[in-house]
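Shown next, in structure tokens, is the structure this report addresses.
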Amino acid sequence: MASSVQKRIGVLTSGGDAQGMNAAVRAVVRSALHFKAGVYAIYEGYQGMVEGGDRIRPLAWDDVGSILHRGGTVIGTARSAEFRERPGRLRAARNLLQHGIDRLVIIGGDGSLTGADLFRREWPELVAELVRNGEIDSATAEQHPALMIAGLVGSIDNDMVGTDMTIGADSALYRIIEAIDAITSTAASHQRSFVVEVMGRHCGYLALMSAIAGGTDYVLIPENPPPEDWEAQMCELLRHGRTSGRRDSIVVVAEGACDRQGKPISADHVRQVLEERLGEDTRVTILGHVQRGGTPSAFDRWMSTLLGYAAVQEMLAATPETEPQMIGIRYNRIDRAPLMQCVKQTHSVAQKIAAKEYADAMALRGSSFTEMFKMFKLMAEAMPSVALPAQPRRLAILHAGGLAPGMNPAVRAAVRLGLDRGHVMLGIRGGFQGLIDGRIEELRWGDVEGWSALGGAELGTNRQIPTLEQFYSVGRSLETQRIDALLIIGGWAAYKAIYELYRERERYPAFKIPMICLPASIDNNLPGSELSIGADTALNVIVEALDRIKQSATAARRCFVVETMGRFCGYLALMSGLAGGAERVYLHEEGITLKGLQADVESMVESFRGGRRLYLAIRSERANPRYTVDFLSRLFEEESHGCFDVRQAVLGHIQQGGNPSPFDRILASRLAARCIDYLSQALEAKSTESAFMGLSEGKVTIFPLKQMPDMVDWTYRRPKEQWWLALRPLVQALAESTASPEQEV
Ligand code: ADP
């Protein structure tokens with residue numbers, strides 16, 4: 001029987017599987033071992049708990065090695081009819097107590113979490129009954145008077161109120177966007193129409209976000225059914241799109257989409273409408289379980305890692321009086337909320353939909369969901385929603401800084417939303433030099449067609465910052481081209497340039513126009529924004545590369561030293577370390593010291609001697625000017641004494657390439673929408689203020705340009721505050737393998 005002092009945590013995955021569950025399981029197991037708790041996997045969800053025996057097993061450090069990249073759940077999931085009944089739960093309680101487990105981390109959907117809460121409430125009676133039946137002794141009962149639980153939401157639908165994202169939703173969006181991008185190219189070749197059905201019985205998250213990220217024409221979601229005459233309206237919209245330059249039409253339908261009478265709208269019905277009313281050759285693609293499958297995205301890996309770590313902390317701090325919490329994520333930070341309150345609110349969305357109270361259902365989804373829905377409609381409509389003014393204002397868009405995937409979707413959104421306001425939209429090719437040279441052209445609705453999926457930057461970008469000598473030419477160009485407002489989408493060079501222009505505005509009156517900077521940089525080193533466009537795509541590219549690197553090393557005992565981009569900002573290195581399961585991450589923010597390297601070498605050698613096969617070290621590009629990748633590799637090789645070999649990989653520019661991730665496309669559209677709002681309002685108010693903007697604590701926030709110096713570290717080209725630095729201890733906690741369950745029991 002278990003000792004009375006050690007806290008023992010059980011972890012299970014239950015209900016529908018979701019990509020990222022493995023990352024959460026790994027984090028729970030390793031964090032528990034890190035904090036010297038016992039940790040047990042309960043295989044096959046509640047069914048395993050009811051069955052007991054070898055379905056409940058202690059896990060060691062290495063049992064959760066090499067699972068981060070795997071879809072599904074390695075500890076299995078099931079639906080259990082027996083657990084729904086009290087006798088099943090009685091057996092489950094007995095089986096847990098046999099191992100001394102009275103703390104559970106449940107990774108599942110609302111059904112699983114409801115079941116967990118019921119089990120927790122019944123626990124004292126179940127324990128009393130087990131004593132009466134003689135199945136456990138009273139000492140055991142006294143040691144475990146309560147069941148403490150923490151819930152993590154595993155659901156690809158992103159349907160839980162109380163967390164911004166659920167485990168699996170980002171990866172599911174990836175799968176959908178891969179499919180929509182593929183469909184778009186074939187549809188465009190044949191000028192065809194496609195109806196794509198995505199998952200989401202009560203939740204339109206996947207449908208709406210994939211419609212935005214995929215640049216589709218129409219979307220049908222459960223929370224906000226289309227107007228009565230939607231068939232006619234949809235056809236009209238698609239017709240306009242075609243005459244304005246689209247070569248394909250794509251309609252996204254959530255599986256739970258209904259009309260205003262509550263009658264389901266099937267993908268096939270949409271197909272019939274398009275064929276009959278538009279005479280279009282229309283195909284239906286139902287994505288189905290593809291959405292659950294495949295490797296988890298970088299976000300699902302690092303978020304689930306954070307969640308698992310936090311759940312263990314929650315469980316170790318829990319007392320019998322603690323109200324069970326759902327551990328979720330809000331604005332990229334861990335957030336706790338009373339479990340059953342979240343489940344109840346989630347159920348109430350479905351109830352509101354069933355009662356046809358759609359405004360309430362949308363309100364429960366939150367303001368940004370509603371905002372995104374409106375934005376999608378504006379971008380999909382080729383007709384401006386306002387009457388064109390006699391003297392339209394001329395808004396120009398320019399890129400500066402390194403390439404960031406997501407620049408094209410940002411331009412697309414800005415152009416379409418700007419046109420919708422009645423502005424003339426101008427694209428400046430080739431950054432500030434392009435502005436000086438007058439390489440400026442009008443961009444119409446159809447000109448940016450297809451840009452939501454495009455990597456690179458169609459307008460071109462470079463790191464040029466206008467010099468003092470060039471200010472005059474910049475000013476002249478702004479005047480001769482009659483540019484009324486400027487949107488700069490880019491990285492450090494963009495921010496520096498706009499600040500220089502702002503400072504020189506008294507000497508060059510032409511600079512007195514509203515300007516705004518939209519953060520786009522894979523480095524994620526821009527002030528005022530916790531995330532910049534491109535960083536998520538780059539992170540996914542890195543994590544994919546790490547998967548391959550790790551795979552390539554399975555046949556040997558090997559240390560890999562991998563260098564990521566980011567200049568002086570360690571975001572990509574740290575987050576890819578978390579998402580890729582690195583043992584060590586070197587950041588400029590922390591520096592590299594000889595003493596630290598010596599300790600690293602010692603622990604590395606010791607762990608290889610103890611049986612380790614792979615050690616992954618990630619070094620941020622400018623972590624240290626002298627302790628280079630090459631230096632580190634040679635140092636490790638020398639000290640390995642033949643116990644392991646060392647390879648290095650500098651990932652280089654592949655990190656700037658690739659099509660933008662769904663998240664980057666969505667963020668690009670969301671930020672561009674606010675930039676157009678800002679510039680339009682400034683023009684209306686005849687203001688000449690300038691600003692930069694970004695996501696701050698999850699909200700799109702605009703900062704006056706004069707605040708920039710207070711927020712940046714000019715020497716190291718990064719913001720003074722970097723939220724993700726708080727995640728550093730996780731890398732170490734999940735990398736060290738000093739503890740093993742055998743030592744503790
Ligand atoms: P999800 O967790 O993905 O919503 P389900 O609703 O199928 O998936 O729930 C998974 C399992 O959780 C069920 O098979 C059952 O064992 C358990 N469960 C769900 N709801 C309850 C409940 N109300 N009472 C007891 N157990 C439940």
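Counting starts at 1 for both ligands and their atoms, following the listed order. Here the structure is a predicted model, which means the values were calculated and not measured.
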Query raised in the report: Any idea which protein heavy atom is nearest atom 27 (C) of ligand 1, and the distance to it?
Result: Gly115 CA, 3.6 Å
Query raised in the report: Salt bridge check: are Glu82 and Arg89 linked by an N-O gap of less than 4.0 Å?
Result: no
Report task. If the plane angle is over 60° it's perpendicular, under 30° parallel, otherwise tilted; pick one for Tyr40 and His99. Result -> tilted
Query raised in the report: Would you call the rings of Tyr46 and Phe83 parallel, tilted or perpendicular if under 30° counts as parallel and over 60° as perpendicular?
Result: parallel
Can you sort out which atoms of ligand 1 are near [X], meaning under 4.0 Å from one of its heavy atoms?
X: Gly16; answer: 3 (O)
X: Tyr46; answer: 12 (O), 16 (O), 17 (C)
X: Gly15; answer: 1 (P), 2 (O), 3 (O), 8 (O), 10 (C)
X: Ser112; answer: 1 (P), 2 (O), 9 (O), 10 (C), 12 (O)

Query raised in the report: Could you go step by step and tell me if Thr346 and Asp110 meet the side chain to side chain donor-acceptor pair (under 3.5 Å) rule?
Result: CA-CA 8 Å; Thr346 300; Asp110 56 347; over 6 Å; no
May I ask which of [options] has a heavy atom nearer to [atom] than the others do?
atom: atom 14 (O) of ligand 1; options: Gly111, Ser80, Gly151; result: Ser80
atom: atom 23 (N) of ligand 1; options: Asp110, Leu12, Thr114; result: Thr114
atom: atom 11 (C) of ligand 1; options: Ser14, Gly45, Ser155, Gly109; result: Ser14

Requested in this report: Go through Gln47 and Ser80 one step at a time and tell me if the side chain to side chain donor-acceptor pair (under 3.5 Å) criterion holds.
Outcome: CA-CA 5 Å; Gln47 191 55 33; Ser80 169; 2.7 Å; yes
Report task. Would you check if Phe373 and Asn224 make a side-chain contact, meaning some heavy-atom pair closer than 4.5 Å? Result ->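 Yes, their side chains come closer than 4.5 Å.
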Query raised in the report: Looking at side-chain heavy atoms only, is the closest gap between Thr295 and Arg301 below 4.5 Å?
Result: yes
Query raised in the report: Arg79 to ligand 1: N or O pair under 3.5 Å?
Result: yes
